[in-house]
Amino acid sequence: MLICKYTDPPLTKKEQEELQQKKNNKEPYTEPVTELDITDFVTKFTWSGDSEQAARKLDFEIIYNTIDKDEVFSILDLKIGGFIYLFYAEDETSTPVEIFEGRIFYRKRNSSSFTFSFTCYDDMVYLAKSKVQMLFDGITVTDAIKQICNEIGISIAENMPQINTVVSFIADGKSCTEVFKTLFEYTKADTTNNSNGEDYTVICLNGDVTVIKKGELIENYIATDLTDIDNSEHSESIESMVNRIKSVDDNGNICQVFTNENDVTHFGMIQDIYKMQPPKENETVDNVKMAKSRLKRLQDESSFKAIGNIQCITGYTIEVQEEQLKGKFFIKSDTHNFANNIHTMDLTLEYMPETPEVAEIKQEDIATPVFKSSKRKKNANGGNGSLKVSQGLSTGFDAWGGTTMNNGRNGCAEAVGKIGSYYSPFLAQQCTNDVVGVPSMVANADSAGLLEDFSVAGLQKGDVIVYGNDDHAVIYDGNGGYYGNSSSKNVVLHGKNYNSLGTPTKIIKASKG
């Protein structure tokens, strides 16, 4: 059995003042409706969800008339923006469980059939319709989701699972749900924290946004043609297939190609482009895995109509034992119909094999990727050493962070010169003179009277730290970290621990000249 309750939308400040004024003047007034039970007015409910749509939807229809036609009829005024709460109970003795909480987005009256129909969505609709401009800088996927929800004012479940994939990117005018998809692409490509390649999805439960593991099995339920299933269908399609991916860097150079040659042979080539992400310190993104995840194969899709079960909603997996369908199936979409005390459901399913077939992917490595920061100033060749240290470091990293040096993996001195040129006259000169070797830079610093043996006490923000026998150099950030070129990642980055790079041996006092 279902129980449906309605609450009026919140009053605006002006409406609150007008209501209070009527009370003060002892004029007739109507209090806002709260948790009004409208179950007896509803003739049918349709509760649905789809993996291609963010929000769950509730359509319902009520009997409706006017006082002119029926003077004893109790009129329901269900307003746009009003809250709808739907509860389910097995029987009259069971405790009702909330299965939907949302707002009325659409209503339509049909005078000839004496009905009023309504369409409601849960709070995920606000995340689907709202766009954000956000920078995620070295935070976990879970924290990024919380940041997005806080921006739009959507409540978050206290027990939201922790996803530890670390991401850094700019969400530039994307809808919240588009950003969620991007976050979960990073999660799937995280070989450190997600070695099994688990996929996730964001849903709204009891009015709170949370994350569930995509394809989590509904326990103690098996759909069978003997007890539940009325009829079923099965189809196959290559409409969404992608069997070759070209990975490109920031300059548009093709760096890697991934091809499912068997699918190309069987079905013809369908190609997509993946733009590689510049690696950042402490990030857990794997560009190879990200690119491969874009490959799509032949899609199996099944559907059936059965006796309803409120647990069977989009995002979960069920077990099926039927003439055409046997095994575990992911629910891609669901539609639950409640009418005349009968609950039926239509499910669209995707087969989930116990041992997924691993496609043979041919990988071609063509070129080393070159990255440029999205914030990099055009024609930025360096500064003149005139800025203060903090401002100069910020400006220097703004211009060169995330870029690949001309000397590639051997560009540590080049990076030090370019970044430091904005606040240090010495480093500005090194940059202008194209000094790209650490030994040469050390010798020049010695001649300029700026070279010291390394000591923690002597280290200041903006100084250059030299390692080993003039093997490597970075700029100290004043807080235990560094700015410099990463030979392993082939880009300029901001690291958190300068001691992780080796044994410091010298300091170039760039903070003083």
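In what follows, residues are counted from 1 in the order of the sequence shown. The figures that follow rest on heavy atoms only: side chains count, while hydrogens, waters and symmetry mates do not. As the structure is a prediction and not an experimental result, all values here were calculated from the model.
The pair Asp172-Lys174 fails the salt-bridge criterion, with no side-chain N (NZ, NE, NH1 or NH2) lying under 4.0 Å from an Asp/Glu carboxylate O. The residues Asp263 and Arg297 are annotated as salt-bridged, a charged nitrogen and a carboxylate oxygen being separated by less than 4.0 angstrom. No salt bridge links Asp123 with Arg103; every basic N to acidic carboxylate O contact stays at or beyond 4.0 Å. Under a 4.0 Å N-O distance rule, the pair Glu261/Lys362 qualifies as a salt bridge. The pair Glu178-Lys131 does not count as a salt bridge, with every side-chain nitrogen at least 4.0 angstrom from each carboxylate oxygen. Taking a cutoff of 4.0 Å between a charged side-chain nitrogen and a carboxylate oxygen, Glu322 and Lys326 do not qualify as a salt bridge. Under 4.0 Å is where a charged nitrogen must lie from a carboxylate oxygen, and between Asp346 and Lys305 at least one such pair does.
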When you look at Asn243 and Thr259, which way does the side chain to side chain contact (heavy atoms under 4.5 Å, CB included) test go after all the steps? CA-CA 6 Å; Asn243 48 37; Thr259 308; 6.0 Å; no
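Taking a 6.0 Å sphere around CD of Glu233, one finds it holds 12 or fewer heavy atoms contributed by other residues, nucleotides or ligands. Counting non-hydrogen atoms of other residues, nucleotides and ligands closer than 6.0 Å to CG of Asp365 gives a total above 12.
Donor-acceptor pairing under 3.5 Å is lacking for the side chains of Thr187 and Asp190. Side-chain contact, His343 with Asn337: no donor N or O sits under 3.5 Å from an acceptor N or O. Between the side chains of Thr335 and Ser48, not a single donor N or O lies within less than 3.5 Å of an accepting N or O. Side-chain contact check for Thr165 and Asn193: no donor-acceptor pair (N or O, by modelled atom type) lies under 3.5 Å. Gln256 and Lys246 share no side-chain donor-acceptor pair at under 3.5 Å. Side-chain contact of Tyr482 with Asn497: a donor-acceptor pair under 3.5 Å is absent, judged by distance alone. With no hydrogens or angles considered, a side-chain donor-acceptor pair links Tyr186 and Gln277 at under 3.5 Å.
Ring pair Phe180/Phe184 is tilted by interplanar angle, where 30° to 60° counts as tilted. Classified by interplanar angle (parallel below 30°, tilted 30° to 60°, perpendicular above 60°), the ring pair Tyr351/Phe329 is tilted.
Without hydrogens or angle criteria, His472 side chain to Ser487 main chain gives no donor-acceptor distance under 3.5 Å. Between the side chain of Asn479 and the backbone N or O of Gly481 there is no donor-acceptor pair closer than 3.5 Å. At least one donor-acceptor pair closer than 3.5 Å links the side chain of Ser293 to the backbone N or O of Met290. Looking only at distances, no side-chain donor or acceptor of Tyr483 sits under 3.5 Å from a matching main-chain atom of Leu493. Side-chain N or O atoms of Asp471 include one that pairs as donor or acceptor with a backbone N or O of Asn469 at under 3.5 Å.
Applying the side chain to side chain donor-acceptor pair (under 3.5 Å) rule to pairs touching residues 202-219 yields Ser155-Asp208, sequence neighbours excluded. Applying the side chain to side chain donor-acceptor pair (under 3.5 Å) test to every pair with at least one member in residues 307-318, sequence neighbours left out, gives these pairs: Thr314-Asp334.
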